[in-house]
Amino acid sequence: MIHGNNLHQTEAMLRQAESIDAWAWSELNDTNRTNYSAIRGAYPFYAHHAKGAYLWDVDGNQYIDYMLGYGTIVLGHTDERVTSAVCQEIQSGHLVSPLWKPQQIELTKTLTSVIPKAEMAYLMKTGSDAASGAIRLARIKTRRDKVIRWGYNGWHDWATPRPVGVPSGVRKDVFEFTYNDIDSLHKLFKSHPDDIACVFMMPFELEKPKDEFLHEVREIAHKNGALFILDEMRSGFRLALGGAQEFFNIQADLATYSKSMSNGYSISAIVGRADVLKGISQTKMTATYFGSSAEMAAAHATIAILKQSDTIEHIWSVGQLFLNELKNLVHEHKVPAEVVGYPPYPFLQFVEPDAMKREGMKRKFYTIVAQNGVFFHPNHHWYICGAHTEADILRTIDICRKGFIALQDGEK
Ligand SMILES: Cc1ncc(COP(=O)(O)O)c(C=O)c1O
């Protein structure tokens, strides 16, 4: 559906929210933010509802959704099989702390059977919970304090990309290395011999691992007595059922999961070696809602569907179509941009060297596509889900074409 640019209700709600909702305030007033608020006037802010691969904003505009709740929606929005499992669990009482529901056994059984060589799992609620929990377990196991990390690993003090308000002491034991640069890892281990508890990393983001990069990282970590931990928040249950460990045939000591695991419900897990996970008994790593079983039911249902269906193959197939068509289009219109990512995570990276020009291009392109019913993020890779069809992809490509034509027109 082509809907032009009616965002009256959106604007009215933003004006109302700005003074009372700190999230809205920060989105609209923080000039450092790299979010899509820069494209205010063309981008939706409030969704009314979502179904399958689509969402509708409060003004009634329909979008093909490529952000999918930041990658949580793997089957499609409001999948009825998942919703019904959740409703059933809620109706039977889903928070009975300090007791647990049998759903917890079901889910840990499923996780340890689906994730390669996993022995034990610990359930939490958010990705940041799992990331922080995993590094604490690595510190307990190795009796070392320092951590080497790469990628986005959550908002907690040790990992946030914008550490304003974080005491410097918290960060002094956390070092970042450079992706696909094994020397940068060697250097850190050389500077801190016998001190590193773990290497904690996303398996990839926009750039793919070169040659045996991930295996080399693992080997170097182990040679130095550190654990190798994969942050599988985005790769788990989407890249492959068994995530990056299955896809790259690599064994992590621990791996952390959330997002696609439950098709949109708040749950996360640390999964891996039992001798490391048992360190939980030495610390306090619980929270009021960790035992809530509605999200466990969602995860259980989601993983069962992924196991029994060809959803992941479908995601790869339509994602590949998207990458191919978008590459052709970029070539045809001579757009200074590169199409990057694995098929489940496509993205368009503008490479115009002049930053002002580049931002202008992005603003124009993303304005046109949003106005024509495609919801992308300008500064975060996109996601494909099981509900996207080839027809959705081809429609998206037609809309991208409009965006590229507008860029060419702008140059004249
Ligand atoms: C790779 C990765 N790790 C960790 C996190 C943090 O998860 P959460 O936002 O659920 O705390 C995210 C969230 O986007 C992520 O993408």
Side-chain angles (χ1 to χ4, degrees), residues 23 26-27 33-36 65-74 115 121-138 147-163 166 174 176-177 179 198-209 214 217 228-240 242-245 247-248 250 252 254-272 285 287-290 292 295-296 298-299 302 340-342 344-347 376-385:
W23 195 338
S26 104
E27 191 67 45
R33 235 168 150 89
T34 53
N35 229 333
Y36 55 77
D65 182 14
Y66 289 97
M67 289 316 297
L68 301 165
Y70 277 113
T72 63
I73 305 298
V74 66
I115 293 163
Y122 186 68
L123 303 177
M124 304 168 99
K125 281 289 166 263
T126 72
S128 297
D129 287 344
S132 294
I135 67 157
R136 187 181 300 175
L137 289 172
V147 166
I148 299 178
R149 66 168 204 91
W150 180 80
Y152 179 66
N153 306 132
W155 72 274
H156 288 179
D157 282 0
W158 64 278
T160 178
R162 295 179 69 192
V166 175
V174 181
E176 287 180 61
F177 74 115
Y179 196 73
C198 65
V199 177
F200 185 88
M201 66 181 297
M202 289 170 69
F204 60 88
E205 196 179 18
L206 299 179
E207 202 181 332
K208 295 176 182 170
L214 293 174
V217 173
F228 174 66
I229 308 181
L230 278 178
D231 179 338
E232 293 245 39
M233 241 61 88
R234 301 185 202 177
S235 46
F237 306 100
R238 189 182 290 267
L239 185 72
Q245 294 193 81
F247 187 79
F248 295 111
I250 190 165
L254 294 179
T256 53
Y257 298 86
S258 188
K259 298 199 187 256
S260 305
M261 170 179 172
S262 57
N263 207 50
Y265 291 85
S266 177
I267 187 160
S268 61
I270 309 173
V271 182
M285 222 162 86
T288 305
Y289 289 107
F290 280 4
S292 169
E295 300 85 343
M296 296 176 195
T302 303
V340 295
Y342 288 104
Y345 316 87
F347 189 55
F376 286 150
H377 196 303
N379 298 311
H380 190 298
H381 66 73
W382 315 324
Y383 291 96
I384 304 287
C385 75

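Counting starts at 1 for both ligands and their atoms, in listed order. Throughout, numbering of the chain's residues begins at 1 and tracks the sequence.
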*Residues that Ala252 engages under side chain to side chain contact (heavy atoms under 4.5 Å, CB included), provided they are two or more places apart*: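 Checked Ala252 against side chain to side chain contact (heavy atoms under 4.5 Å, CB included); matches are Phe228, Leu230, Gln245.
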*Just jot down the side chain to side chain contact (heavy atoms under 4.5 Å, CB included) partners of Glu176, sequence neighbours excluded, or say none.*
Arg149
*With under 30° as parallel and over 60° as perpendicular, where do the rings of His380 and Tyr383 fit, or are they tilted in between?*
tilted
*Is a side-chain N or O of Trp382 found less than 3.5 angstrom from the main chain of His377, in a donor-acceptor match?*
yes
*Asn263: what forms a side-chain hydrogen bond (donor to acceptor under 3.5 Å, both in side chains) with it, not counting sequence neighbours?*
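If we apply the side-chain hydrogen bond (donor to acceptor under 3.5 Å, both in side chains) test to Asn263, skipping adjacent residues, there are no hits.
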*Could you tell me whether Lys259 sits above the aromatic face of Tyr70, with NZ or CZ closer than 6.0 angstrom to the six-membered ring centre and within 45 degrees of the axis?*
no
*Residue shell around ligand 1, heavy atom under 4.0 angstrom*: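 Residue list for ligand 1: Thr126, Gly127, Ser128, Tyr152, Asn153, Gly154, Met202, Asp231, Met233, Arg234, Lys259.
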